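Here's the structure we're looking at; comments come further down.
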Amino acid sequence: LPTEDEQFEAYATVARACAGKPVVIRTLDLGGDKFVSALKLPREMNPFMGWRAIRMCLERTEMFKTQLRAILRASAVGDVHVMFPMITSVQELRAAKRLIEESKDELRAEGQRFNPEMPVGAMIEIPSAAMTADVLAEEVSFFSIGTNDLIQYTLAIDRVNEKTASMYDPLNLAVLRLIKTVVDVAHNVRCGRSGGHNPACVLGRHVRRAPIHVSVCGEMAATPLTAYLLIGLGVDQLSTAATSIPKTKQLVRASTIKQARDVAAHVLAMDNSDDARALIERHMPAPDTL
């Protein structure tokens with residue numbers, strides 16, 4: 001595994017290259033379909049549901065703190081943020097934050113520089129996190145919705161299994177309601193007295209904290225049709241692979257927030273993804289303009 005100094009140099013190189021722009025570093029996200037021989041991960045019947053990501057890090061705390069210390073040191077070089085993957089509960093999030101605080105204390109004692117106010121975020125990629133977004137939002141500065149895993153966990157579909165891959169549907173109403181819930185809670189949207197049709201109302205209480213930023217990563221953010229829908233659902237930022245950035249930027253520039261919001265509102269009122277796809281295709285910017 002890379003040492004603390006090796007990780008620091010890698011993170012600092014990126015932070016310097018970004019020249020003051022935000023750099024979000026996701027902590028170790030191994031397991032599922034990502035492996036590294038040095039860790040000798042056990043074979044599991046269902047690795048996507050198993051010992052991975054934050055679960056592994058909270059058990060192998062020395063390995064985790066090596067990375068956290070390197071990220072903290074890099075935060076003295078540029079605008080570095082840290083983000084925890086596969087959060088399922090506020091207990092996990094608080095445990096990870098405690099390790100950040102321990103790492104800060106160690107670095108202070110060693111005279112190492114870091115940003116004591118480095119922003120901390122959580123990935124929302126499991127339904128339990130989406131449905132407790134109001135609680136998690138009290139603990140972090142931003143959310144990143146990981147749609148690849150959110151879809152597969154919500155629909156109980158293994159996205160790398162050829163038998164079920166065709167059932168992997170980003171326009172499934174359950175997925176869209178979860179995304180809308182997270183966005184509304186993060187943006188501090190409050191329920192009316194009657195509850196109405198605001199998905200955030202299913203959380204059962206008013207939200208009283210300051211709004212936080214929501215980004216989306218995964219194939220939904222990189223595909224024009226679903227990226228357009230995400231804009232309408234109120235997502236603040238789309239995170240895509242480098243090859244998708246030019247087309248996504250053109251999509252955003254060719255769209256209007258009002259129309260995208262109107263389309264998203266109609267999609268949330270539909271009961272099937274086929275009709276939703278047809279509606280979005282009719283109203284989003286024409287493919288030949290992207």
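Just so it is clear, the values below take in all heavy atoms, side chains as well, and ignore hydrogens, waters and symmetry mates. Residue numbers start at 1 and run along the sequence shown. Just so you know, these numbers come straight off a predicted model, no measurement behind them.
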Margin query: With a 4.0 Å cut-off on N to O distance, would you call Asp274 and Arg277 a salt bridge?
Written below: no
Notebook entry, point to check: Any chance the side chains of Glu92 and Thr88 put a donor and an acceptor closer than 3.5 Å?
Noted result: yes
Check: How far apart are the closest heavy atoms of Val80 and Ala74, and which atoms are they?
Finding: CG2-O, 3.6 Å
Notebook entry, point to check: Charged N to carboxylate O below 4.0 Å: is that the case for Arg73 and Glu4?
Noted result: yes
Margin query: Strictly below 4.0 Å, N to O, side chains only: are Arg98 and Glu101 in salt-bridge contact?
Written below: no
Item checked: Flag side-chain contact, heavy atom, 4.5 Å: Leu93 against Leu136 -> yes
Check: Is there side-chain contact between Val216 and Gln237, with at least one heavy-atom pair below 4.5 Å?
Finding: no
Checklist line | Distance-only donor-acceptor check, side chains Gln259 and Asp262, under 3.5 Å | finding: no
Check: Between Pro85 and Thr27, is any pair of side-chain heavy atoms under 4.5 Å apart?
Finding: yes
Notebook entry, point to check: Can you name the closest pair of heavy atoms from Asp79 and Gly20 and give their distance?
Noted result: CB-O, 3.7 Å
Check: Any chance the side chains of Asp236 and His187 put a donor and an acceptor closer than 3.5 Å?
Finding: yes
Item checked: Nearest atoms (heavy-atom pairs only) where Thr66 meets Thr3 -> CG2-C, 4.2 Å
Next item on the list: Evaluate the criterion side-chain hydrogen bond (donor to acceptor under 3.5 Å, both in side chains) for residue pair Ser273 and Asn172; output intermediate values, then yes/no.
Entry: CA-CA 6 Å; Ser273 57; Asn172 182 282; over 6 Å; no
Notebook entry, point to check: Above 12 or not: heavy atoms from other molecules or residues under 6.0 Å from NE2 of His213?
Noted result: yes
Next item on the list: Would you check, one step at a time, whether the test side-chain contact (heavy atoms from CB on, under 4.5 Å) holds for Met220 with Leu176?
Entry: CA-CA 11 Å; Met220 276 190 78; Leu176 301 184; 4.3 Å; yes
Check: Which atom names give the shortest non-hydrogen contact between Tyr168 and Gln152, and what distance separates them?
Finding: CE1-N, 3.9 Å
Notebook entry, point to check: Under a 4.5 Å cut-off applied to non-hydrogen side-chain atoms, are Phe142 and Met83 in contact?
Noted result: yes
Next item on the list: Could you pull out the closest heavy-atom pair between Tyr153 and Pro127, with the gap in Å?
Entry: CB-CD, 3.7 Å
Check: Have Tyr11 and Gln67 got a donor and an acceptor in their side chains that come within less than 3.5 Å?
Finding: yes
Margin query: I'd like to know whether CZ of Arg108 has more than 12 heavy-atom contacts from other residues, nucleotides or ligands below 6.0 angstrom.
Written below: yes
Margin query: For a quick test of reading the model, state the closest non-hydrogen atom pair linking Ala96 to Leu68 and the distance between them.
Written below: O-CD1, 4.5 Å
Check: Are any of the side-chain heavy atoms of Val263 and Met284 separated by less than 4.5 Å?
Finding: no
Check: Can you tell if the side chain of Ile145 reaches within under 4.5 Å of the side chain of Leu150, non-hydrogen atoms only?
Finding: yes
Note to self: Is there a side-chain contact between Leu1 and Met63 in this structure, where contact means two heavy atoms from C-beta onward sitting under 4.5 Å apart?
What the structure shows: yes
Notebook entry, point to check: So, do Pro170 and Glu219 sit near enough that their side-chain heavy atoms are less than 4.5 Å apart?
Noted result: no
